[in-house]
**Q** 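To start, I am sharing the structure in question, which I have written as structure tokens.
Each chain gets a letter, A, B and so on, in the order its sequence line appears, and its residues count up from 1.
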Amino acid sequence: MDIQDYFSLVFSDYTLRTITLGTAILGAVTGMLGSFAVLRKQSLLGDAISHAALPGIAIAFLITGAKDTNVLLLGALVSGLIGTFWIRGIVKKTHLKSDTALGLILSLFFGFGMLLLTFIQKQPNANQAGLDKYLFGQAATLVESDVWLMAIVTGFCLFVLLLFWKEFKLLLFDADYTKTLGFNTTFIDILITSFIVLAIVLGLQTVGVVLMSAMLLAPAAAARQWTNSLSTMVILAALFGAFSGVFGTAISASQNNLSTGPVIVLVAAVFVIFSFIFSPGRGLLFKKIRFIKNRRDLELHKTLAFMHHIAATHEDISHPHAIKLLNNFQGYTRATLQKLVEKDYVRLEGNLWCLTETGFETAANLYTKQSTKDE
Amino acid sequence: MNSAQIEIQLIASLVAIACAIPGTFLVLRKMAMISDAISHSILPGIVIGFFITQDLNSPLLILLAAFTGVITVVLVEYIQKTGLVKEDTAIGLVFPALFSIGVILIAKNANDVHLDIDAVLLGELAFAPFDRLLIANVDVGPKSLWIIGSILLITLSLLIAFFKELKVSTFDAGLAASLGFSPAIIHYGLMSVASVTTVGAFDAVGAILVVALMIAPAATAYLLTTNLKKMLGLAIGFGVLSAISGYWFAHWLDASIAGSITTMLGLLFLMVYLFAPSKGVIAVLYREKQQRTEVSLLTFLLHLKNHDEAEERHVNHLREHINWQKVRAKTVLELALKNNMIVVEKNIVSLTEKGDTFTSKAIDYIITNRDAQIEDMKDDFFLFRG
């Protein structure tokens with residue numbers, strides 16, 4: 001099946017439609033909430049939480065003995081939240097830094113989860129097969145009810161996000177100010193963190209523990225490059241996330257042996273690389289171009305200043321100079337000087353260059369400005 | 001205890017020591033999450049190495065994987081330097097992408113070979129004694145024992161050779177640079193050791209659980225000491241302790257050895273986190289409570305000093321006026337009484353001579369903020385300590 005087949009099948013094939021919708025919704029909600037995680041410098045929280053959710057899944061299975069998705073996700077949510085709050089506790093109450101706390105909770109919870117999983121596998125209960133899909137994720141296991149659950153949670157997130165938009169925004173950019181305004185920052189903080197945990201837990205089944213953190217970060221990091229406005233960033237991140245989901249599913253469906261999760265992550269990574277290079281405001285390409293342009297302007301001004309310096313010692317401003325003279329001293333190229341001609345700062349007389357009236361004035365101004373700055 | 005059991009415990013302990021050494025420095029350098037990133041992103045290195053050599057224990061595979069680990073660090077630093085995103089986001093972007101490439105490579109090419117992601121990520125220590133190293137047909141022990149043993153030896157000799165440099169550059173990178181050791185070389189050296197250790201340990205305990213062995217013992221030790229040598233020693237001790245107790249726990253439960261080692265590490269950390277003498281949560285909470293009481297006491301004494309009127313100094317009035325809860329007011333009153341700062345006569349509180357001097361000194365201190373004023377008070381009053 002190639003990509004074209006995929007797009008024609010998406011609307012008719014039940015499985016494909018379910019998976020595509022599921023990954024799209026997942027991408028949108030993680031992009032949306034990921035924006036907050038990235039701006040709050042909690043990027044790696046996603047990584048930690050997605051690992052910390054594993055023992056919850058195992059314990060939920062041990063208690064109920066059934067493989068009901070909702071119950072397992074509830075277990076994941078609880079253990080993710082415990083992990084998150086323990087991370088906060090470690091950072092607040094000890095001198096361990098947040099990276100240590102994150103790595104600690106991540107690995108300890110995950111290890112404990114592994115212990116429980118292997119313990120479960122030894123149990124005389126045939127039901128346990130497939131629990132490890134939460135490790136690496138299997139988009140193919142999504143069914144319609146999962147997509148409904150995702151849609152409902154996303155809708156709820158969106159509702160709360162709009163309801164507390166002002167508070168979230170304030171807390172994001174100036175936590176102390178928010179506190180002095182009388183908002184309950186702890187409550188807002190817990191609310192947004194809980195939603196981030198919720199989004200991660202939702203994605204476990206689809207892209208798995210290890211790749212979930214990328215889903216949270218990549219769309220948001222890409223969106224950040226295109227805008228300085230929070231609302232635009234959230235919308236863009238949701239779009240990027242949804243597109244990563246759809247394209248990732250399409251690519252993985254069109255080939256054999258291509259797991260959906262990693263492909264979605266790689267598509268999101270492509271969005272990030274593209275944004276890093278080509279975004280107009282912050283992108284590397286335009287930054288480089290601006291840098292070159294600035295340097296050229298600087299060189300131009302230096303030439304002009306130098307010509308002004310020479311002209312100042314002559315009676316006649318527009319006394320012509322051989323290009324050689326300028327070259328000898330400063331090493332400027334013909335092309336640079338040509339720029340000055342275009343700006344009408346310099347006139348060409350045969351092989352000789354002379355300063356025009358405008359050029360002299362500009363240069364004089366430049367000189368004054370420089371000298372006043374020096375003082 | 002049979003020889004396989006001894007071998008497993010030996011391998012687990014060596015892995016624990018080999019991880020605890022770079023882990024200590026990663027924790028101190030606030031780079032703990034880098035170890036997590038490396039542990040994931042070595043996957044493509046392992047896969048490519050495996051495709052070339054078809055042998056999970058080949059040295060080439062270790063080198064390639066370690067190289068991928070260093071590439072991760074370089075990429076993270078490059079992205080961070082562009083200033084487009086923060087460091088943590090850079091880490092979070094790089095390793096899932098590399099990991100995804102690894103997973104896809106396995107899925108596309110490794111249908112018929114013995115390599116699956118579970119093996120790389122989760123490892124299985126129980127199988128380690130079966131894969132033996134034969135030299136001229138003589139069995140010299142399990143392969144993993146030799147691999148991790150040599151890595152540990154290299155780590156140890158590097159640690160001893162560069163201890164001073166590591167120490168200085170960890171705590172004061174600027175000083176290290178001005179003394180002439182390049183922080184970059186130390187940095188990448190440490191990263192290389194961390195990657196090599198991660199790779200060396202992956203088939204014993206799995207790549208993800210290496211992170212636990214790197215961070216948890218070091219973090220636990222850091223709660224108990226601030227002396228680098230002691231911290232290293234404690235971290236190694238915790239690592240070995242969890243490795244051995246974890247093995248027996250797994251033996252009893254019949255479950256994953258790596259998982260139970262990690263669980264042991266977790267329990268150890270939890271114990272120290274709660275009960276560490278000065279940095280544990282209980283000690284911190286107790287100290288905070290004590291501080292709050294002492295601040296309240298001072299407020300109370302100041303109030304008494306400022307008011308001569310009887311009604312302002314009535315026990316019940318104080319409660320309303322300073323708006324304390326009943327219990328807290330009682331604690332403060334009792335503390336003041338016990339220290340002979342106040343006397344209570346017919347429910348009217350007044351300062352004793354001692355309380356009066358004390359309060360004057362405290363005011364003096366608050367106004368001038370000069371330490372000399374309170375030198376002699378420091379002993380009996382927590383508030384002014386530190």
Side-chain angles (χ1 to χ4, degrees), chain A residues 38 41-44 46-47 51 89-90 93-97 99-104 106-119 121-122 132 135-136 210-218 220-221 224-225 255 257-259 261-263 265-266 269 272 275-276 282-284 287, chain B residues 27 30-36 40 79 82-86 88-89 91-93 95-97 99-104 107-108 111 117-118 121-122 206 208-209 211-216 218-219 222-223 250 253-256 258-263 265-266 269 273 276 279-281 284-285:
Chain A
V38 166
K41 293 176 201 120
Q42 286 182 330
S43 300
L44 292 171
D47 191 31
H51 285 79
I90 293 175
K93 295 287 178 213
T94 72
H95 62 295
L96 296 176
K97 297 289 176 296
D99 64 309
T100 309
L102 285 167
L104 205 59
L106 177 157
S107 54
L108 294 181
F109 272 59
F110 190 76
F112 181 54
M114 283 312 304
L115 178 77
L116 291 174
L117 276 192
T118 49
F119 177 71
Q121 272 161 21
K122 301 273 160 58
D132 56 346
L135 284 188
F136 304 110
V210 183
L211 299 175
M212 202 44 226
S213 59
M215 283 306 289
L216 200 65
L217 291 192
R224 172 70 187 92
Q225 310 311 321
Q255 302 227 348
N257 284 330
L258 216 50
S259 7
V263 180
V265 168
L266 285 183
V272 173
S275 309
F276 275 10
R282 299 158 57 99
L284 295 177
K287 212 185 247 174
Chain B
V27 166
K30 305 185 190 90
M31 283 169 28
M33 282 310 274
I34 279 278
S35 67
D36 178 51
H40 289 87
I79 294 182
T82 62
L84 296 173
V85 287
K86 297 277 181 311
D88 56 337
T89 312
I91 296 177
L93 289 174
F95 79 84
F99 183 78
S100 299
I101 294 173
V103 174
I104 288 175
K108 287 300 277 181
N111 286 327
I117 316 171
D118 300 46
L121 285 186
L122 311 174
I208 292 186
L209 302 184
V211 181
L213 280 171
M214 282 206 180
I215 301 175
Y222 199 18
L223 287 180
L253 261 186
D254 190 19
S256 148
S260 63
I261 292 178
T262 319
T263 308
L265 284 170
F269 176 75
Y273 172 71
K279 286 159 187 165
V281 168
V284 169
L285 285 178

**Q** Go through it in stages, so that I can follow the logic: the residues are B:I215 and B:S35, the test is side chain to side chain contact (heavy atoms under 4.5 Å, CB included), and I'd like the CA-CA distance, side-chain angles, deciding distance and then a yes or no.
**A** CA-CA 8 Å; B:I215 301 175; B:S35 67; 3.7 Å; yes
**Q** Looking at A:L102, A:D99, A:L217, which one has more heavy-atom pairs under 4.5 Å with chain B than the rest?
**A** A:D99
**Q** Need one label for A:L116: side chain, backbone, both or neither, based on atoms under 4.5 Å from any heavy atom in chain B.
**A** neither
**Q** For B:L285, which atoms come within 4.5 Å of any heavy atom of chain A: side chain, backbone, both, or neither?
**A** side chain
**Q** Non-hydrogen atoms of chain A under 4.5 Å away: do they reach the side chain of B:V27, the backbone, both or neither?
**A** both
**Q** What part of A:K97 gets within 4.5 angstrom of chain B, counting heavy atoms only: side chain, backbone, both, or neither?
**A** side chain
**Q** Among A:L211, A:L216, A:V38, A:L104, which residue forms the greatest number of heavy-atom pairs with chain B at distances under 4.5 Å?
**A** A:L104
**Q** Contact part of B:K86 toward chain A, heavy-atom cut-off under 4.5 Å: side chain, backbone, both or neither?
**A** side chain
**Q** Taking A:H95 for the side chain and B:K279 for the main chain, is one N or O donor matched with an acceptor at less than 3.5 Å?
**A** no
**Q** Could you pull out the closest heavy-atom pair between A:T100 and B:A32, with the gap in Å?
**A** CA-CB, 3.7 Å
**Q** Aromatic contact between B:Y273 and B:F269, with the criterion being ring centroids under 6.0 Å apart: yes or no?
**A** yes
**Q** Among B:T89, B:V284, B:T82, single out the residue with the greatest number of heavy-atom pairs under 4.5 Å to chain A.
**A** B:T89
**Q** Shorter than 4.5 Å, heavy atoms on both sides: which option in A:S259, A:G261, A:G89 has the most such pairs with chain B?
**A** A:G89
**Q** Is any side-chain heavy atom of B:V85 closer than 4.5 Å to a side-chain heavy atom of B:I79?
**A** yes
**Q** Quick one: of A:L284, A:D47, A:V272, A:V263, who has the most non-hydrogen atom pairs under 4.5 Å with chain B?
**A** A:D47
**Q** Quick one: closest heavy-atom pair of A:S43 and B:D88, and the distance?
**A** N-OD2, 3.3 Å
**Q** If you take all heavy atoms of B:S100 and A:L266, which pair is closest and at what distance?
**A** CB-CG, 3.8 Å
**Q** Please answer whether the main-chain N or O of B:S256 pairs with a side-chain N or O of A:T118 as donor and acceptor at a distance below 3.5 Å.
**A** yes
**Q** Measure B:M31 against the heavy atoms of chain A and call it side chain, backbone, both or neither at under 4.5 Å.
**A** backbone
**Q** Can you say whether B:L213 sits under 4.5 Å from chain A via the side chain, the backbone, both, or neither, judging by heavy atoms?
**A** neither
